[in-house]
Structures are given as structure tokens and as C-alpha cells.
Novice: 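After the C-alpha cells below, expect a handful of questions from me.
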Amino acid sequence: MNKLTAIHPFTRGLRGYPYGLVDRVLLADGRTVAVRPVLPTDMEAERRFVADLSPESRRRRFHLGIASLSDSMLEAFTHIDYRAHVALIAASNDGALPLMVADARYVVLDDATDAEFAIAVADDWQGIGLGRELLVRLGRHAQRSGLRRLCGDVLRGNAAMIGLVESLGGRVRSHPEDMLLVRAAFEF
Ligand SMILES: CC(C)(COP(=O)(O)OP(=O)(O)OC[C@H]1O[C@@H](n2cnc3c(N)ncnc32)[C@H](O)[C@@H]1OP(=O)(O)O)[C@@H](O)C(=O)NCCC(=O)NCCS
């Protein structure tokens with residue numbers, strides 16, 4: 001076990017850590033990943049995960065031409081309260097070094113009933129069910145936490161994300177403000 005795939009003792013003293021979201025998942029190609037809520041100790045893994053995404057996957061995730069996350073963004077991504085901001089990561093132990101291979105998160109909006117979600121899966125891990133596994137878990141957790149709606153802005157040409165949302169029963173509509181985007185939503 002290592003820092004990425006084992007959660008103890010890193011959760012000690014963390015208020016509200018949702019242990020119920022800790023799991024192991026077997027993917028369609030036979031590989032397994034550890035799934036768990038992100039920890040403050042994941043900053044470097046998160047930095048590497050984002051930096052290692054292909055430029056196209058990064059653009060699809062962030063809608064910007066960024067190459068890496070700033071220190072303040074990394075801090076915000078990994079130091080979360082597990083209520084207004086919930087983030088699930090998947091980590092692999094396959095290679096020589098443990099690797100973060102996916103990240104899915106939501107941030108509750110001001111009305112406290114809706115949240116905005118986003119997700120990214122490492123390029124070598126796409127297309128084998130990992131995005132679906134994380135989004136299902138995130139949605140279930142949002143619903144159990146009393147949220148009514150999870151929504152996300154998706155680039156209009158992002159067939160994989162639109163396909164994933166629709167395969168899970170979500171709706172995809174025109175974006176009210178931006179022609180380049182569509183709005184994906186799950187209602188609970
Ligand atoms: C979009 C993304 C999260 C999907 O994750 P994934 O792990 O590759 O997707 P999965 O393997 O779980 O696919 C689940 C379903 O999504 C749909 N899907 C996946 N890839 C697809 C594609 N290229 N075209 C159409 N539908 C697709 C299918 O319905 C699929 O189910 P199936 O395999 O039974 O047909 C992933 O491709 C990714 O990280 N892309 C870059 C970042 C991004 O686009 N983020 C979205 C911003 S919110």
C-alpha cells in the first residue's frame with residue numbers, strides 16, 4: 001500500500017471525510033483502481049495528473065489552454081470540506097509509481113440545492129468505464145447529501161462527455177449564455 005492507494009493514516013483528524021466513498025473498482029480491461037475522496041496530501045499527485053493529461057483532454061476539462069494548475073488552484077482542489085466541495089480521485093498501483101488516473105468533483109452553488117460538476121480521466125484510462133464509475137458515485141453522493149441537481153458545462157463537441165451524461169440518464173441542453181458549450185444536468 002502507498003500514499004495514493006491507502007487512505008490511512010492520512011484521514012486522521014480530517015473532519016467529515018466521507019469514508020463511504022472509499023472503494024476499489026475493477027475496470028473493463030481488467031485493471032483496478034482505488035477510488036477515494038481527495039486528501040490534502042494529494043497536491044503533487046493532482047499536479048502531475050493535470051500536467052500529464054493531453055492538451056485536448058485538458059482543454060475539455062478546463063475549457064482553457066492551461067498546461068498546469070497554479071499552486072492556489074492545487075490547494076483549492078485538494079483542501080476541501082467534503083460538503084460544499086466534494087472530490088473523488090482514482091489511483092492506480094500498476095506502474096512503478098502510484099498514479100492518480102481520474103478526478104471527479106462538484107462544488108455546491110449559492111442556492112445550496114444545485115452543484116456544478118467536472119471530471120477528467122487520464123488519456124490512457126479513458127473508454128474503460130472509469131468516468132462512469134466516478135460520475136455514478138459522485139451523483140449518488142450528491143443525492144444522499146440532499147442536493148437536487150448536478151450540472152456541468154461541456155464543450156459542444158465533447159462527444160465522450162455528452163455520451164457519458166446521456167448514458168446515465170442526464171440531460172444535455174443548449175447553454176443559455178455560450179454557444180460553444182452545452183449544459184449537462186442530472187436531476188434527483
Ligand atoms: C469524458 C470522460 C470523462 C469520459 O470518461 P471515460 O472513462 O472515458 O468514459 P467511460 O469509459 O466511463 O464511458 C462511459 C460511457 O460514456 C459514453 N462514451 C465514452 N466515450 C465516448 C465517446 N468517445 N463517444 C461517445 N460516447 C462515449 C458511452 O456511453 C460510454 O458507455 P459504453 O462504454 O458502455 O458505451 C473522459 O473521456 C475524459 O476525461 N475526457 C477529457 C476531459 C473531459 O472531457 N471532461 C469533461 C468536462 S466536464
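All values below were derived from every heavy atom in this structure, side-chain atoms included, with hydrogens, water molecules and symmetry-related copies excluded. Counting starts at 1 for both ligands and their atoms, in listed order. Only a predicted model underlies this, so the values are computations on that prediction, with no experimental measurement involved.
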Novice: Would you confirm whether any non-hydrogen atom of the protein falls under 4.0 Å from atom 21 (C) of ligand 1?
Specialist: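 There is a protein heavy atom less than 4.0 Å from atom 21 (C) of ligand 1.
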Novice: Quick check: does Ala120 get an N/O under 3.5 Å from an N/O on ligand 1?
Specialist: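 It does not: no N or O of Ala120 is found under 3.5 Å from an N or O of ligand 1.
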Novice: Under the criterion side chain to side chain contact (heavy atoms under 4.5 Å, CB included), which of His141, Glu133, Arg137 is the partner of Leu88?
Specialist: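 One option only clears the test, and that one is Arg137.
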Novice: Would you say Val38 and Phe77 make side-chain contact, with heavy atoms under 4.5 Å?
Specialist: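 No, too far: nothing below the 4.5 Å cut-off.
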Novice: If you measure every N/O of Val121 against every N/O of ligand 1, is any gap under 3.5 Å?
Specialist: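 Val121 vs ligand 1: N/O contact under 3.5 Å present.
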Novice: I need the atoms of ligand 1 closer than 4.0 Å to a non-hydrogen atom of Met161, numbered in the order shown.
Specialist: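 Close to Met161: 1 (C), 46 (C).
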Novice: Can you tell me if Gly152 contacts ligand 1 (heavy atom of the residue under 4.0 Å from the ligand)?
Specialist: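 Not so, Gly152 does not reach ligand 1.
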Novice: Please name the residue in the list Asp71, Asp42, Asp52 that meets the side chain to side chain donor-acceptor pair (under 3.5 Å) test with Arg47.
Specialist: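 Option passing the side chain to side chain donor-acceptor pair (under 3.5 Å) with Arg47: Asp71.
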Novice: Counting from 1, what ligand 1 atoms have a heavy atom of Ala159 closer than 4.0 Å?
Specialist: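 So the atoms of ligand 1 that pass are 24 (N), 25 (C), 26 (N).
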Novice: Is it the side chain, the backbone, both or neither of Ser167 that has a heavy atom closer than 4.0 Å to ligand 1?
Specialist: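 Looking at Ser167 and ligand 1, just side chain atoms fall under 4.0 Å.
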Novice: Look only at the side chain of Glu116 and the backbone of Val107, and say whether a donor-acceptor pair between them is shorter than 3.5 Å.
Specialist: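 No: the side chain of Glu116 does not pair with the backbone of Val107.
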Novice: Is the side chain of Arg61 donor-acceptor paired with the backbone N or O of Ala118 at a distance under 3.5 Å, no angle test?
Specialist: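 Checking the backbone N and O of Ala118 against the side chain of Arg61, no donor-acceptor pair under 3.5 Å is found.
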Novice: Just by distance, do the side chain of Tyr17 and the backbone of Leu39 share a donor-acceptor pair under 3.5 Å?
Specialist: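 Flag not set: sc Tyr17 to bb Leu39 has no pair under 3.5 Å.
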Novice: Mark up the atoms of ligand 1 that fall under 4.0 Å of a heavy atom belonging to Gly129, in ascending order.
Specialist: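 Once the distances to Gly129 are compared, the set is 10 (P), 11 (O), 12 (O).
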Novice: Please report which non-hydrogen protein atom sits nearest to atom 5 (O) of ligand 1, along with the residue it belongs to and the distance in Å to one decimal place.
Specialist: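 That would be Gly131 CA, 3.6 Å.
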Novice: Are Phe186 and Phe188 an aromatic pair, judged by ring center distance below 6.0 Å?
Specialist: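 No.
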Novice: Which protein heavy atom lies closest to atom 30 (C) of ligand 1, and at what distance to 0.1 Å?
Specialist: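 Residue, atom and distance for the closest contact: Arg132 NH2, 3.7 Å.
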Novice: Met161 and side chain to side chain contact (heavy atoms under 4.5 Å, CB included): which partner among Val182, Val172, Leu155, Leu135?
Specialist: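 When side chain to side chain contact (heavy atoms under 4.5 Å, CB included) is applied between Met161 and each of Val182, Val172, Leu155, Leu135, only Leu135 qualifies.
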Novice: Considering only heavy atoms of Gly127, which atoms of ligand 1 have at least one such atom less than 4.0 Å away?
Specialist: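 Those atoms are 6 (P), 7 (O), 8 (O), 11 (O).
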Novice: Could you tell me whether Ile162 approaches ligand 1 through its side chain, its backbone, both or neither, with non-hydrogen atoms closer than 4.0 Å?
Specialist: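 Near ligand 1, Ile162 shows nothing, with every heavy atom at 4.0 Å or more.
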Novice: Could you list the atoms of ligand 1 found under 4.0 angstrom from a heavy atom of Asn158?
Specialist: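 Taking each heavy atom of Asn158 in turn, ligand 1 has 43 (C), 44 (O), 46 (C) under 4.0 Å.
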Novice: Examine distances only and state if a side-chain atom of Arg149 and a backbone atom of Thr113 form a donor-acceptor pair shorter than 3.5 Å.
Specialist: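 A pair under 3.5 Å: no.
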Novice: Considering heavy atoms of the protein only, find what lies nearest to atom 4 (C) of ligand 1 and give residue, atom and distance to 0.1 Å.
Specialist: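 Ranked first by proximity to atom 4 (C) of ligand 1 is Leu164 CD2, 3.9 Å.
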Novice: Looking only at atom types and distance, does a side-chain atom of Arg132 sit under 3.5 Å from a main-chain N or O of Leu164, one as donor and one as acceptor?
Specialist: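 Between the backbone of Leu164 and the side chain of Arg132 there is no qualifying donor-acceptor contact (under 3.5 Å).
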Novice: Relative to atom 47 (C) of ligand 1, which among Arg60, His63, Arg58, Gln126 owns the nearest non-hydrogen atom?
Specialist: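 Nearest option to atom 47 (C) of ligand 1, by heavy atoms: Arg60.
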Novice: Under 3.5 Å between some N or O of ligand 1 and some N or O of Ile119?
Specialist: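 Right, the criterion is met.
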Novice: With a sphere of 6.0 Å drawn around CZ of Arg148, does it hold more than 12 non-hydrogen atoms of other residues, nucleotides or ligands?
Specialist: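 Not buried by this count: 12 neighbours or fewer within 6.0 Å.
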Novice: Relative to atom 24 (N) of ligand 1, which among Ala160, Ala184, Gly163 owns the nearest non-hydrogen atom?
Specialist: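 Considering heavy atoms of Ala160, Ala184, Gly163, the nearest to atom 24 (N) of ligand 1 sits in Ala160.
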Novice: Can you confirm whether some protein heavy atom lies under 4.0 Å from atom 12 (O) of ligand 1, or whether none does?
Specialist: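 It does: a protein heavy atom is found less than 4.0 Å away from atom 12 (O) of ligand 1.
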Novice: For residues Ser57 and Asp123, is any side-chain donor paired with an opposing acceptor at under 3.5 Å?
Specialist: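 Ser57 vs Asp123: donor-acceptor pair found between side chains.
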Novice: Can you name the atoms of ligand 1, numbered from 1 with element, that are less than 4.0 Å from a heavy atom of Ser57?
Specialist: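 Near Ser57, meaning under 4.0 Å from one of its heavy atoms, ligand 1 has 41 (C), 42 (C).
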